[in-house]
Structure formats: C-alpha cells, structure tokens
Number of protein chains: 2
Amino acid sequence: MSLTISDIAKLAGVSRATVSGVLNNSPTVSERTKTRVLAIIEKHNYRPNAIARALALKQTGVIGLLVKDISNPLYSQIAMGVEELCVDNNYSVIMGNTNTLPERELSKINLLKRRQVDGLILLPVQKGVDLGHLWELHKENYPFVLLAEVPGIQADLVRADDEKGAFEAVDHLINLGRRRIGYICGPETAMASDRRLEGYRRALIENNLVPGKDLVIPCGWRLEHGYEAGLRLRESDNPIPDALFCYNDSVALGLIRALTEGQIDVPDDVAVVGFDDAPTSGFLETALTTVAQPAHLIGYRAAQVLLDRIHAKNNSSPFQSIFLETHLVVRESCGANRKGTVSHQLNPKPDHDLIKTNREDQF
Amino acid sequence: MSLTISDIAKLAGVSRATVSGVLNNSPTVSERTKTRVLAIIEKHNYRPNAIARALALKQTGVIGLLVKDISNPLYSQIAMGVEELCVDNNYSVIMGNTNTLPERELSKINLLKRRQVDGLILLPVQKGVDLGHLWELHKENYPFVLLAEVPGIQADLVRADDEKGAFEAVDHLINLGRRRIGYICGPETAMASDRRLEGYRRALIENNLVPGKDLVIPCGWRLEHGYEAGLRLRESDNPIPDALFCYNDSVALGLIRALTEGQIDVPDDVAVVGFDDAPTSGFLETALTTVAQPAHLIGYRAAQVLLDRIHAKNNSSPFQSIFLETHLVVRESCGANRKGTVSHQLNPKPDHDLIKTNREDQF
DNA sequence: TTATAAATTTAAACCGGTTCAATTTCTTTA
DNA sequence: TAAAGAAATTGAACCGGTTTAAATTTATAA
C-alpha cells in the first residue's frame with residue numbers, strides 16, 4: 001500500500017542504502033543527493049516503517065507503563081508526566097492497568113517484553129506477593145524503573161517522600177492545637193501507607209505525644225473505604241479523635257462525607273488532612289488540606305531515568321533512588337483558614353528544571 | 001540475547017518453518033513434532049519476537065488511543081474500557097494526550113501510523129479546526145473510530161446520548177418545581193456541549209418554559225471555569241437562577257464552591273446538576289446530582305467496533321454510530337433528597353452483555 | 001512389492017528497514 | 001595525465017518472524 005524505502009530508492013535512482021543514509025542523515029551522503037532524495041520523500045510523503053526499523057535496530061522506541069488503575073488521578077498525572085518526556089524524545093508509551101492483580105502484572109510484563117519495548121515503568125503490586133517476574137527483569141538486565149519499592153528488588157526508583165510529607169501534615173495539625181490525632185491507613189499491601197504511618201508517628205513523638213494503637217485505623221484507598229471508616233468511627237465507643245490524617249484524598253473525602261452525615265463538623269469537631277492533592281480537593285465545600293505529590297514530575301523523572309538507562313552504553317551504572325518533595329497545601333479542612341474565603345490553592349505548575357531531588361541514594 | 005526461532009529450530013532438529021507452524025498451530029504439523037517442539041519452547045522459555053512477527057504479518061496487534069487529557073476521569077475510564085477489550089484480544093494500546101491541540105493530534109496520529117498501529121480510537125479536537133489529517137485517514141481507509149463527531153468526517157462513532165441525558169436532567173429539575181433554569185456551557189469547541197444545550201432547550205420547551213438567552217452561560221470544562229462562572233453569577237445584576245445544569249461535574253463542583261462561598265445555598269437557593277458522574281461526585285458534602293455516562297462501556301464498545309473493522313475482510317461495511325444511554329443519578333444537589341442521608345448512589349458496575357445500544361445509524 | 005496418494009517437512013523468498021565491506025566516482029597531487 | 005587518496009555509493013547480509021511451492025517421508029491400495 002504505502003511506499004517503502006525501495007520505492008523511494010527506485011524513484012530517486014539510488015540504492016536503498018543511500019535512502020537510509022538520508023533518513024538518518026549520515027554524513028557520508030553528499031548534499032546533492034540528499035536534497036534530491038529528500039525532495040522525493042517529501043513529494044510522496046514517504047514515512048519509514050517503524051516496525052522494520054525496530055527489527056533492524058533491535059529497539060522499538062516504545063516503553064511500557066504499568067500502573068494499578070489509570071483512573072486514579074494520581075496515576076493518570078504520573079502517566080502524563082511520563083508521556084511528556086517521551087514525546088520530547090520520540091518515544092511512545094504502551095499503557096496498561098494491573099488492577100492490583102499480580103497475575104495481570106506478570107502477563108502484561110510478558111506481553112510488553114514480547115513487543116520488545118525498550119524499557120518499563122512499573123507501579124508494582126507490593127508486599128506479600130510473588131515477585132519472580134520482577135526478579136527476572138533484573139536478571140535479564142531489562143531496563144525498568146519502579147514507582148514504589150519492592151522488597152528484595154534492586155532497581156531505579158522514583159517516588160514522593162511520603163514519610164516527610166506525612167510528618168509535615170501531622171506536625172501542622174499539632175501546631176494547630178490538635179492532640180488526639182488518628183491515621184486512616186491505606187491498603188495493607190501499600191508500602192506508601194507504612195511510610196506515611198512512620199511520618200505520622202515521628203511527628204507525634206517529636207511533639208511529645210503518644211502514638212496510641214487505637215488511633216491507627218485500618219482502611220483502604222477508595223472513597224468507599226473512607227466512607228466506611230467514617231461510619232465505623234461514628235459507631236465506635238472511643239471518643240472521636242480531634243484530627244485525622246488520611247492515606248489519600250479519596251479516603252479523606254469518603255470520611256468527611258460519613259462524618260458530616262453524622263453531624264460531626266469538619267474542621268470544628270475534627271480536622272482532616274488528605275494526601276495527593278487531587279484536582280477536586282481545592283474546590284470542595286470544605287476545601288481539603290492535603291499533602292501534594294508532584295505527580296507529573298514523578299512520571300517525568302521516572303521516564304528520564306529510564307531513557308538514561310536505556311541509552312547508557314554501560315548499563316552498569318548504579319541504581320538511583322529519587323525521592324521527590326511533597327508540599328503541604330493548607331486549606332479549610334484542618335481548621336487553619338476561616339471557612340468561606342477563597343482559599344483553593346491550586347497545584348503550582350511544575351517546573352521540572354528547577355526542582356531538585358531530595359536525595360539520591362546509590363546501591 | 002534471547003532465543004530466536006532459529007535457535008529453537010536447531011535445538012529441536014527441525015526447520016524454522018516447522019517451529020513457526022507449531023507456534024501458530026498449523027494443522028499440517030504432526031502431533032509428534034508439535035509436542036516435541038513445544039517441550040523445547042517451554043524448556044527454554046522461548047517467546048516469539050512480536051516485532052518480527054508484525055513485520056511479516058503487516059499487523060502489529062497494537063491500536064492507538066488519543067484523548068484530550070487522560071487525567072480527566074471520564075477519559076481514563078474510557079481508556080480502561082478500551083484496554084479491557086484489547087487484553088481479551090491480545091491487543092496492546094499506545095496512549096497519547098493531545099491536550100486539545102490540533103497540531104499534537106496531527107503529529108501523534110502520524111507517529112502512530114509510522115508505528116503501524118492496526119487502528120485508532122480518537123477523541124478528536126473538534127469544531128473550528130483543520131481536519132485534514134482525519135480526512136486523510138478516511139481516504140487511506142485506515143481503521144479508526146471516533147468518540148465524538150467531527151463535521152465532514154465519516155467514520156464509526158461511539159458516544160453517549162448527550163441530548164437525551166441533558167433532557168432528562170433538566171426535565172427532572174422542572175418536575176422538582178424549578179423554573180428559572182440555566183445552562184453552564186462547556187468549551188465552545190465541544191460538540192457535546194451543543195447537544196446538551198439542545199436537550200436542555202427541548203426540556204424547557206416541552207414544559208412550556210422559555211429558554212432565555214441570558215440563562216445560557218459560557219464557561220469551560222475545568223474546575224476553575226466553573227468557579228469563575230459562579231463568581232460571575234454572584235456579581236451579575238440578573239437574579240440568580242433557581243437551578244443550573246452544568247456541562248460536567250468539574251464545572252458543577254467549581255460552581256458550587258463559588259456559590260456557597262457567596263452564601264448561596266445549594267440546593268435550597270439553587271439546584272445544581274452535573275454531567276459524567278465523576279467518582280467523587282457521590283461523596284461530596286452536598287452529593288452531586290449528575291448524568292452518568294457509561295464511560296467504561298464507551299471505551300469497550302469503541303474498541304469492539306475498531307477490532308471488528310480491523311478484522312473485517314471487506315472493510316466496506318457501513319459506518320456505525322452508537323449512542324449509549326446515560327442515566328440520571330439523583331442525589332442532593334438538586335434538592336430532591338433531604339441532606340444528611342446516605343445517598344451516594346454508586347456507579348453500577350457495567351454489564352456489557354446486557355446493555356443495548358440506543359440506535360445504530362448507517363451511512 | 002510397488003505405484004500412488006496423503007501427510008509432513010523444508011528451502012527460499014519475503015516483510016522494510018540498517019550496516020558495512022567493497023566498489024565506483026571524484027579530487028588532488030606529482 | 002596518471003596515480004593516489006578521499007568521498008560517495010552500493011550490494012549483500014542481516015534483524016526474526018511467515019508463507020508457499022517443492023521435496024521428502026509415510027500411508028494406502030493394487
């Protein structure tokens with residue numbers, strides 16, 4: 001159907017090798033023939049077949065991105081960050097959702113490998129799960145970067161500094177005078193939840209508060225989970241905490257809904273802080289105080305690290321761990337601002353060149 | 001590095017053609033050799049190179065999906081629907097965001113064509129824009145399906161029935177006793193906004209109300225746009241309408257925020273209805289009444305139509321237009337339910353097999 | 001046992017690019 | 001003007017699969 005390099009060669013009266021030279025502007029082809037061939041390419045609107053090129057070059061210019069659930073705004077923003085760097089470098093990205101199922105993760109990784117993607121960015125299913133396939137990637141020296149730690153796997157890693165973000169949020173609550181502060185946990189499999197718990201604990205301890213076991217409330221990551229946690233709190237015999245730090249904004253939202261349904265006022269009765277800074281969080285009737293993750297930047301940096309590794313001649317360079325700064329967005333739900341003022345602080349537009357990484361560990 | 005078909009052939013003591021036969025289980029290869037070769041493939045964990053296969057077969061098993069902005073939950077859900085059908089059929093999807101920029105749409109389509117994707121699902125930039133590239137796709141007989149009409153382009157189309165959805169929403173408001181009902185428009189380039197406006201108008205007219213020009217308020221599609229529209233309403237000399245039907249949930253959210261900041265109560269002073277049923281909408285302090293789009297199903301069906309067209313021997317079958325039913329999710333923001341009851345109706349899990357399309361036009 | 005038909009297997013061409021050693025053409029210099 | 005050297009071009013092999021006509025093996029019938 002469409003033209004091939006042979007067609008162009010014939011039309012230009014040169015060999016395929018020469019056309020190839022023109023396409024990859026090799027210095028050995030003369031200006032004269034270059035312009036002539038280019039004119040013919042232009043005239044017939046010839047575009048080289050990327051599949052054939054990939055086969056010859058043994059690289060596709062495609063990377064794979066596997067997340068748990070692209071409909072989570074955090075992950076979709078990460079995906080956009082990944083894409084942005086990729087388009088700048090003429091890479092394409094094949095996307096997939098694992099739905100937090102290890103077997104899906106496995107099968108999708110295998111499919112991507114069959115498709116010869118040049119590298120992988122993975123938000124892996126974590127903890128308590130067979131990770132043979134990740135170990136295999138490592139053994140095969142397949143380039144990949146993780147968006148969350150996986151115990152026992154050494155690889156490049158890019159994520160937010162959860163512990164510090166959590167610390168700052170809880171510290172802020174304490175400075176506002178809150179004392180009985182609870183943590184609404186994320187899913188048990190998420191290491192990010194553990195780290196946020198650590199930050200929460202550290203903030204309490206450094207402020208001479210006791211991190212009581214009863215204040216750590218198991219939950220999940222979705223709106224419904226937060227809602228149910230709120231119902232449980234309402235029905236609990238224990239007095240309700242005066243502040244709740246939540247695993248993420250979805251949980252916070254569901255929680256607030258359940259609390260206010262039960263006539264418990266946010267923030268007067270209980271302050272609530274989320275995590276992620278979802279797009280809607282600043283526009284809620286009670287705008288949500290939250291820890292903003294640089295989601296777009298996480299994706300951008302992850303892609304950067306991946307492409308670096310793909311292009312590295314010696315792919316023996318040490319693995320990087322990049323922890324990006326979060327920042328606390330103070331709004332109404334923690335009681336700092338008076339309700340009823342224009343206070344939805346928007347996400348600052350990320351400026352990649354200016355942002356410094358927190359620390360870069362080396363293994 | 002990894003094994004090729006030749007390696008396997010050598011190991012099994014057969015020709016490459018035979019191994020190929022085994023892989024594609026051709027009936028001509030005998031059971032005996034098939035099991036023998038299979039054992040060797042298994043033993044060495046050989047997986048055929050999809051790129052080489054794609055080159056030989058002239059089909060990649062990859063489709064492209066281009067949306068405006070994957071971080072919009074509507075589009076990410078559509079993307080998940082697309083993906084679901086694709087994994088079932090061993091297709092992969094390359095995703096891209098156009099950011100509503102025609103030039104990005106053009107360049108990404110071209111890149112995808114170079115990558116020899118078997119087909120395209122497009123949420124195109126619409127209205128008032130050069131559409132030469134879409135016209136070209138059509139001319140080249142490249143399989144693609146649209147998620148929104150493009151004037152002058154004939155192609156398969158899958159989308160929600162906006163007009164009817166809008167009609168039902170506004171009709172419901174009228175039945176609740178609201179009379180001065182406004183429409184907060186989407187972006188000017190979106191045909192969906194036009195159709196929702198039509199549904200809004202029809203509902204007014206069929207209920208003997210006059211669709212006043214001053215009640216149609218230009219806006220956009222994002223939270224900020226809705227917020228600004230709310231500010232403008234507050235500052236306007238005209239009396240505030242007693243109900244507002246919004247282009248989407250984001251706009252509704254921003255709007256509600258602006259209204260309540262100005263001590264205008266939702267729903268007592270003004271009822272608000274959104275569109276899309278974003279995940280958070282049911283968990284807001286004032287849960288949002290909204291028109292749910294079957295986003296997942298839209299993606300699923302679009303992928304179905306596309307793969308059908310890809311596999312059609314004669315790709316001269318008539319174009320389909322599939323309009324999927326929306327459904328009105330009544331919550332608190334329109335004043336029907338008493339505030340403070342558990343009323344967040346969740347998205348029903350889509351059941352693809354049961355859902356019937358609204359109508360299927362043929363060209 | 002042999003001729004013939006049926007079932008298997010294989011060699012070779014092909015998909016559309018890239019690469020590099022070998023060849024041809026162009027410059028330079030003696 | 002011829003020889004040497006530099007610049008440009010090209011033929012052929014290769015990437016890792018699929019396909020098909022031809023060759024080989026096996027089965028069946030005479």
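So that the names make sense, note that chain A is the first sequence line, chain B the second, and so on, each numbered from 1. Just so you know, these numbers use all the heavy atoms, side chains as well, and skip hydrogens, waters and symmetry mates.
Nearest to the side chain of B/A17, among D/dT19, D/dT18, C/dG17, sits D/dT19. In the set C/dT18, C/dC20, C/dT9, the nucleotide with an atom closest to the side chain of B/T18 is C/dT9.
The phosphate of C/dT8 (OP1 or OP2) has no side-chain N or O of B/K34 nearer than 4.0 angstrom.
Residue contacts for B/L57: at a heavy-atom cut-off of 4.0 Å it reaches the sugar-phosphate backbone alone, with no base atom in range. At a threshold of 4.0 angstrom between heavy atoms, the contacts of B/V29 are confined to the sugar-phosphate backbone, with no base atom among them. Using a 4.0 Å heavy-atom distance criterion, A/V14 is classed as a sugar-phosphate-only contact. Among the atoms of the strands shown, base atoms are found under 4.0 Å from some heavy atom of B/T28. In this structure, B/S20 reaches the bases: a heavy-atom distance under 4.0 Å links it to at least one base atom across the strands shown.
A distance of 5.0 Å separates NZ in A/K34 from CG in A/N25, rounded to the nearest 0.5 Å.
Atom-to-atom, CG of A/N25 to P of D/dA8 comes out at 14 Å; the value is rounded to the nearest Å. Atom CG of A/L23 and atom P of C/dT19 are 11 Å apart (whole Å).
Other residues, nucleotides and ligands contribute only 12 or fewer heavy atoms inside 6.0 Å of the NZ atom of B/K10.
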